[in-house]
There are 2 protein chains.
Amino acid sequence: MKEANRTLLSKRQTLSEKVFNELKEAIIKGDLPQGCKITEDEIAKQYGISRGPLREAIRELEGLRLLDRKPRAGVRVVTLTHTMMEEIYTVREALEGMSARLAATRMSESEINELQQLLISHQNTIDQSQGKEYFQREGDLDFHFRIAQASNNQWLMDLLSSELYQLLRMCRHRSSQTPERPVRALQEHQQITEAIANHDPELAELLMRRHISGAWKIVKTLLEKEEDKA
Amino acid sequence: MKEANRTLLSKRQTLSEKVFNELKEAIIKGDLPQGCKITEDEIAKQYGISRGPLREAIRELEGLRLLDRKPRAGVRVVTLTHTMMEEIYTVREALEGMSARLAATRMSESEINELQQLLISHQNTIDQSQGKEYFQREGDLDFHFRIAQASNNQWLMDLLSSELYQLLRMCRHRSSQTPERPVRALQEHQQITEAIANHDPELAELLMRRHISGAWKIVKTLLEKEEDKA
DNA sequence: TAAGCAAATATTGTCAACAATAAGAATTTA
DNA sequence: TAAATTCTTATTGTTGACAATATTTGCTTA
């Protein structure tokens, strides 16, 4: 087949994939607020497609736990309750701890070098952009993502990056952080990296777990403040 | 609405749910062998439904990682490779370790008692039914499942019971176990239970992790033998 | 006025047909 | 004979209509 009409074939992506991605973004960014009801007809029209592909996309989003199907009440955008966040951080602690352990065993010298470079660039970001939380947050996730990759375990990577991290990003669009946290977090990232560089799996795991349970304590108090206001 | 024609309403279950469950069983039991191509038309006719609901079921099964969608080659039943099993056991070690830790913190005396009863009944099963591996295996999973429940963490439970355990069952339909393993496994279950009964989270986690990585070593050698044969 | 019922409406579940694409077979050409 | 090319067939993607089911609205009656 000729490579002609490639303009139309920009639908290498299937419709349901496309709407899957767009819905995912919309949910994470909060354009579709938490608890919001999903009405198939409405969304389908909005994206200019029929309900078939949309329903498949919805099924996938359910799999990622971004949508929630109640027995006889249709589907809604998931609501991040306090207990749910706690559960997520607990699972995250277990998975990322293991992730760090594996990374310490497997990472090559050059990969470790890249990781250290990353931390330096984060250092710079903090020095320069006191207030720009956004970048610091993405930076934080970036670090964790690289460790997950370095674990070289497809399952770990998938669980973390396609399920947990999305929900974390979603949560972050709501609550703001304390200003001194980034500095502290960076220090901890450095410690973890050092343990990995020394190929010390036990320590890497231990530090990562502390890092995450520490992060949860902070998020927790922030959430509690918000809950008090409401 | 009257509770009349309940005969027809036995479809409280939707078609796609039904075919989802049936397909799941078929995959786990091996009726649909690993790597087997799924042709929508074929399966749809087989179950007497149209392709719409089936496609949704397929999307869900993908989410559970029982089906695998290759870019432009349709979907196939997942193939449990050696490395995939290793990855699963690693994730399992992390999650169940955490699970045991939480259980040690949270389990009530009466729940602990039930757990101990369960072990006694497993003891009896082993004494009586030397060769009946099947029950011993289901018993094993049963133990792990209860710990997951006791963690009281919905996410942990879901990840373990609706994703990992299914794949384990699927794997077990292939490889047979060494005869002395059940006895050893039961001993380890007893140790774990003891740590939980003493509300010792650290120890419970440690023992559970050993238990699982030990199990992996055995499965691993079994898989290697099989691979040699082939 | 509140509780219960009935009709009207909205929403989800299901189907069958059509369109687009990929896989396979048959044919030609070097 | 092997590589390339077209034609054919299978398979997946998409749609709009219909059926089954919930939800709401407005009415009746106590």
Side-chain angles (χ1 to χ4, degrees), chain A residues 1-24 26-27 32-33 35-63 66-78, chain B residues 1-24 26-27 32-33 35-63 66-78:
Chain A
M1 187 223 267
K2 280 283 173 60
E3 286 291 297
N5 56 3
R6 170 52 61 104
T7 14
L8 265 172
L9 283 185
S10 72
K11 47 188 281 196
R12 286 262 63 118
Q13 246 191 144
T14 185
L15 281 190
S16 94
E17 285 179 61
K18 228 169 55 182
V19 74
F20 167 81
N21 287 318
E22 296 186 34
L23 275 180
K24 189 165 92 179
I27 293 169
L32 284 173
C36 166
K37 171 119 200 273
I38 299 290
T39 329
E40 294 179 4
D41 248 325
E42 194 181 321
I43 306 279
K45 268 178 199 143
Q46 203 168 310
Y47 287 91
I49 65 174
S50 73
R51 282 174 50 222
L54 173 61
R55 292 184 112 236
E56 291 177 34
I58 289 178
R59 280 307 212 286
E60 284 188 71
L61 265 341
E62 272 181 75
L66 290 174
L67 291 181
D68 202 14
R69 182 181 231 94
K70 287 269 161 54
R72 59 204 66 216
V75 304
R76 299 182 165 279
V77 175
V78 69
Chain B
M1 187 222 267
K2 281 283 174 59
E3 285 292 297
N5 56 4
R6 171 52 61 105
T7 12
L8 265 172
L9 284 184
S10 71
K11 47 191 285 198
R12 286 262 63 115
Q13 244 190 146
T14 186
L15 282 189
S16 94
E17 285 178 63
K18 230 170 51 183
V19 74
F20 167 81
N21 286 320
E22 296 185 36
L23 275 181
K24 190 165 89 178
I27 292 170
L32 285 173
C36 166
K37 171 119 200 275
I38 299 290
T39 330
E40 294 179 3
D41 248 325
E42 195 181 321
I43 306 280
K45 268 178 198 143
Q46 203 168 310
Y47 287 90
I49 64 174
S50 75
R51 282 173 51 222
L54 173 61
R55 291 183 114 237
E56 292 177 34
I58 289 178
R59 280 305 213 286
E60 285 188 70
L61 265 342
E62 271 181 76
L66 289 174
L67 291 181
D68 201 15
R69 182 182 233 94
K70 287 269 163 53
R72 57 204 67 215
V75 305
R76 300 183 164 278
V77 176
V78 69

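Order of the sequence lines sets the chain letters (A, B, ...), proteins ahead of strands, with each chain counted from 1.
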How long is the line joining [atom1] of [X] and [atom2] of [N], in whole Å?
X: B/E40; N: C/dT21; atom1: CD; atom2: C1'; answer: 13 Å
X: B/I38; N: D/dT11; atom1: CD1; atom2: P; answer: 13 Å
X: A/K45; N: C/dT12; atom1: NZ; atom2: P; answer: 12 Å
X: B/R76; N: D/dT12; atom1: CZ; atom2: C1'; answer: 14 Å
X: A/K70; N: C/dT11; atom1: NZ; atom2: P; answer: 18 Å
X: B/D41; N: C/dA19; atom1: CG; atom2: P; answer: 17 Å
X: B/E42; N: D/dT11; atom1: CD; atom2: C1'; answer: 11 Å
X: B/I43; N: D/dT12; atom1: CD1; atom2: C1'; answer: 14 Å

Which is true for A/L54 with a 4.0 Å heavy-atom rule: it touches a base, it touches only sugar-phosphate, or it touches nothing? nothing
Within the 4.0 Å heavy-atom criterion, would you say B/I58 contacts the bases, only the backbone, or no part of the nucleic acid? nothing
Output yes when at least one side-chain N/O atom of [X] is less than 4.0 Å from OP1 or OP2 of [N], else no.
X: B/S16; N: C/dG13; value: no
X: A/T39; N: C/dT12; value: no
X: A/R55; N: C/dT11; value: no
X: B/K37; N: C/dA22; value: no

Sequence neighbours excluded, which residues qualify as salt bridge (charged side-chain N to carboxylate O under 4.0 Å, His left out) partners of [X]?
X: B/R76; value: none
X: A/E60; value: B/R59
X: B/R51; value: B/E40

Chi angles and distances behind the side-chain contact (heavy atoms from CB on, under 4.5 Å) call for B/D68, B/V77: CA-CA 6 Å; B/D68 201 15; B/V77 176; over 6 Å; no
A/T39 meets the side-chain hydrogen bond (donor to acceptor under 3.5 Å, both in side chains) criterion, sequence neighbours left out, with A/E42
List the residues meeting side-chain hydrogen bond (donor to acceptor under 3.5 Å, both in side chains) with A/N21, not counting sequence neighbours, and say none if there are none.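 Once residues adjacent in sequence are excluded, the partners of A/N21 under the side-chain hydrogen bond (donor to acceptor under 3.5 Å, both in side chains) criterion are A/Q13.
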Close N or O pairs between protein and nucleotides 15-17 of chain C (under 3.5 Å):
| unit_1 | atom_1 | unit_2 | atom_2 | d |
| --- | --- | --- | --- | --- |
| C/dC15 | OP2 | B/S50 | N | 3.0 |
| C/dC15 | OP2 | B/S50 | OG | 3.0 |

Using a 4.5 Å cut-off on heavy atoms from C-beta on, say whether the side chain of A/Y47 contacts that of A/L23.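 Touching, per the 4.5 Å side-chain cut-off.
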